[in-house]
Amino acid sequence: MSILEQIDKERLPQHVAVIMDGNGRWAKEKGKLRVFGHQNGVSAVRDTVEGAVELGIKYLTLYAFSTENWNRPKMEVMALMELLVSTISKETKTLMDNGVRLFAIGNLSNLPEKCRKQLYDAIKKTSGNTNCTLTLALSYSSRWEITEAARRIAIKVRDGDLGAEQITEDIFEKYLNTSGMPDPELLIRTSGEHRISNYLLWQIAYAELYFTSKLWPDFRREDLFEAVIDYQKRERRFGLTSEQLN
Ligand code: IPE
Ligand code: IPE
Ligand code: MG
């Protein structure tokens with residue numbers, strides 16, 4: 001039985017989030033500069049996106065650049081921004097061919113002008129696609145996102161547009177960057193690190209976590225399929241007992 005046949009299409013996660021980690025170590029293993037790892041991470045992104053579409057996953061959210069990543073050496077940050085610009089323009093065709101709608105979360109105003117422009121162009125161009133929503137987390141951190149939501153809510157309350165007693169989880173969620181998306185049921189992190197690194201803290205409250213030692217540039221759709229198979233073997237209890245569920 002092929003990997004794909006082992007997956008129950010009726011019980012797919014709607015939303016898969018990925019922390020794409022290990023580009024630097026992948027390059028180092030090959031005696032190359034870290035940037036070489038980032039460049040090779042692009043094929044992993046392409047294959048994973050195509051795999052998600054092939055499987056029927058509706059939302060794929062990739063952590064591409066964190067708020068904390070701005071503190072990396074200037075050379076690496078610049079190379080990553082340039083790679084982002086060239087990748088977005090080159091890969092728009094792949095997105096169109098696969099019916100993928102592009103979206104972005106994070107403090108996008110911090111991105112270089114050129115990068116923001118490419119991003120908004122691609123978002124606009126792909127806005128009618130319905131197979132899958134690919135969200136790039138760029139200049140993103142969860143604490144920034146939650147703080148931003150709290151600040152915007154506070155302003156509404158101050159201006160009399162929202163009553164403090166009206167604030168519920170559902171209302172709060174509307175102020176997050178991911179508003180309107182289902183929460184990820186599955187979170188994948190590559191490179192063998194077992195941490196969340198400030199990613200989607202609110203949204204992953206009940207996500208299943210999947211860690212693989214594969215470094216991101218080596219990740220392919222089969223690895224996504226393996227993660228989904230693992231996910232489908234788990235019992236998601238949401239605080240209930242196993243007996244209550246069965
Ligand atoms: C992930 O790979 C890509 C980004 C964070 C931009 P890393 O660059 O973190 O690679 P490692 O973890 O140092 O190997
Ligand atoms: C998380 O990876 C951010 C991205 C994948 C974009 P990092 O490599 O920056 O995370 P830490 O520093 O190992 O926690
Ligand atoms: Mg890393």
Side-chain angles (χ1 to χ4, degrees), residues 16-54 60-98 100-108 110-123 125-126 132 134-141 187-193 195 197-199 211-227:
V16 177
V18 185
I19 302 175
M20 312 185 287
D21 197 17
N23 296 353
R25 278 164 282 169
W26 185 90
K28 199 173 175 188
E29 272 178 6
K30 297 180 162 49
K32 306 269 193 188
L33 296 174
R34 295 178 56 83
V35 180
F36 184 68
H38 298 314
Q39 288 161 348
N40 280 276
V42 176
S43 358
V45 171
R46 192 185 308 120
D47 207 67
T48 304
V49 171
E50 289 181 343
V53 172
E54 188 180 352
L60 180 68
T61 301
L62 306 178
Y63 206 1
F65 194 83
S66 73
T67 305
E68 290 77 16
N69 288 151
W70 287 113
N71 299 321
R72 289 195 178 186
K74 212 172 163 194
M75 273 281 285
E76 181 171 348
V77 172
M78 276 171 59
L80 273 166
M81 290 302 141
E82 271 166 33
L83 184 65
L84 200 62
V85 174
S86 63
T87 306
I88 292 169
S89 55
K90 263 192 255 163
E91 297 295 329
T92 307
K93 190 183 176 309
T94 316
L95 300 180
M96 292 308 291
D97 290 348
N98 286 280
V100 176
R101 178 170 73 123
L102 186 67
F103 189 63
I105 56 172
N107 193 354
L108 306 180
N110 278 350
L111 297 175
E113 176 65 33
K114 203 173 161 194
C115 198
R116 228 177 16 242
K117 190 184 173 309
Q118 290 288 349
L119 192 62
Y120 289 145
D121 282 354
I123 289 174
K125 195 162 180 208
T126 60
C132 176
L134 168 66
T135 302
L136 298 180
L138 290 167
S139 189
Y140 174 89
S141 84
L187 171 71
I188 300 171
R189 183 172 188 145
T190 59
S191 89
E193 305 296 354
R195 57 176 169 266
S197 303
N198 217 347
Y199 193 41
F211 299 102
T212 166
S213 59
K214 260 219 180 144
L215 302 175
W216 179 253
D218 289 330
F219 196 88
R220 288 295 176 274
R221 70 186 75 193
E222 291 74 22
D223 300 296
L224 172 69
F225 300 162
E226 292 286 0

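FYI, the numbering just counts along the sequence from 1. The structure presented is a predicted model; accordingly, all values stated were derived computationally and were not measured. The figures that follow rest on heavy atoms only: side chains count, while hydrogens, waters and symmetry mates do not.
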Item to complete: Check the pair Leu187 / Tyr199 against side chain to side chain contact (heavy atoms under 4.5 Å, CB included), numbers first and verdict last.
Response: CA-CA 10 Å; Leu187 171 71; Tyr199 193 41; 3.9 Å; yes
Point-to-point distance, once rounded to the nearest 0.5 Å, from [atom1] of [X] to [atom2] of [Y]:
| X | Y | atom1 | atom2 | answer |
| --- | --- | --- | --- | --- |
| Asp21 | Arg195 | CG | CZ | 7.0 Å |
| Arg46 | Glu91 | CZ | CD | 4.0 Å |
| Arg116 | Met81 | CZ | CE | 11.5 Å |
| Lys93 | Thr126 | NZ | OG1 | 14.5 Å |
| Leu60 | Phe103 | CG | CZ | 14.0 Å |
| Thr135 | Leu102 | OG1 | CG | 7.5 Å |

Discussion item. Using a 6.0 Å cut-off, check whether atom CG of Leu33 has over 12 heavy atoms from anything other than its own residue.
Written reply: no
Practice prompt. Report, as yes or no, whether the 6.0 Å neighbourhood of atom NZ on Lys30 holds more than 12 heavy atoms from other residues, nucleotides or ligands.
Written response: yes
Practice prompt. Carefully, step by step, assess Arg220 and Ser43 under the rule side chain to side chain contact (heavy atoms under 4.5 Å, CB included).
Written response: CA-CA 8 Å; Arg220 288 295 176 274; Ser43 358; 3.9 Å; yes
Are any side-chain N or O atoms of [X] and backbone N or O atoms of [Y], one a donor and one an acceptor, separated by less than 3.5 Å?
| X | Y | answer |
| --- | --- | --- |
| Asn107 | Ser139 | no |
| Trp216 | Gly41 | yes |
| Arg189 | Ile19 | no |
| Arg25 | Ser191 | yes |

Which atoms form the tightest heavy-atom contact between [X] and [Y], and what is the distance?
| X | Y | value |
| --- | --- | --- |
| Leu80 | His38 | CD2-CG, 3.6 Å |
| Leu138 | Ala64 | CD2-CB, 3.7 Å |
| Gln39 | Leu83 | N-CD2, 3.8 Å |
| Ile88 | Thr92 | O-OG1, 2.6 Å |
| Leu224 | Thr48 | CD2-O, 3.9 Å |
| Gly37 | Pro217 | O-CG, 3.6 Å |

Worksheet entry | Sub-4.5 Å side-chain heavy-atom contact between Val42 and Lys90 | no
Fill in: Sub-4.5 Å side-chain heavy-atom contact between Met75 and Val35
no
Worksheet, complete the sentence: Sequence neighbours excluded, the answer for ring pair (Phe, Tyr, Trp, His ring centres under 6.0 Å) partners of Phe65 is Trp70
Practice prompt. Report the residues that fulfil ring pair (Phe, Tyr, Trp, His ring centres under 6.0 Å) with Phe225, sequence neighbours left out, ordered by chain and then residue number.
Written response: none
Discussion item. Tell me whether the rings of Tyr63 and Tyr140 are parallel (<30°), tilted (30 to 60°) or perpendicular (>60°).
Written reply: perpendicular
Worksheet item: Quick one: side-chain contact (heavy atoms from CB on, under 4.5 Å) partners of Val53, sequence neighbours excluded?
Response: Asn98, Val100, Asn131, Cys132
Discussion item. Between Glu222 and Lys214, does the salt bridge (charged side-chain N to carboxylate O under 4.0 Å, His left out) criterion hold? Intermediate values first, please.
Written reply: CA-CA 12 Å; Glu222 291 74 22; Lys214 260 219 180 144; over 6 Å; no
Discussion item. Go through it in stages, so that I can follow the logic: the residues are Asp223 and Thr212, the test is side chain to side chain contact (heavy atoms under 4.5 Å, CB included), and I'd like the CA-CA distance, side-chain angles, deciding distance and then a yes or no.
Written reply: CA-CA 9 Å; Asp223 300 296; Thr212 166; 5.7 Å; no
Item to complete: Would you tell me whether Ser66 and Asn69 have side-chain atoms, one donor and one acceptor, within less than 3.5 Å of each other?
Response: yes
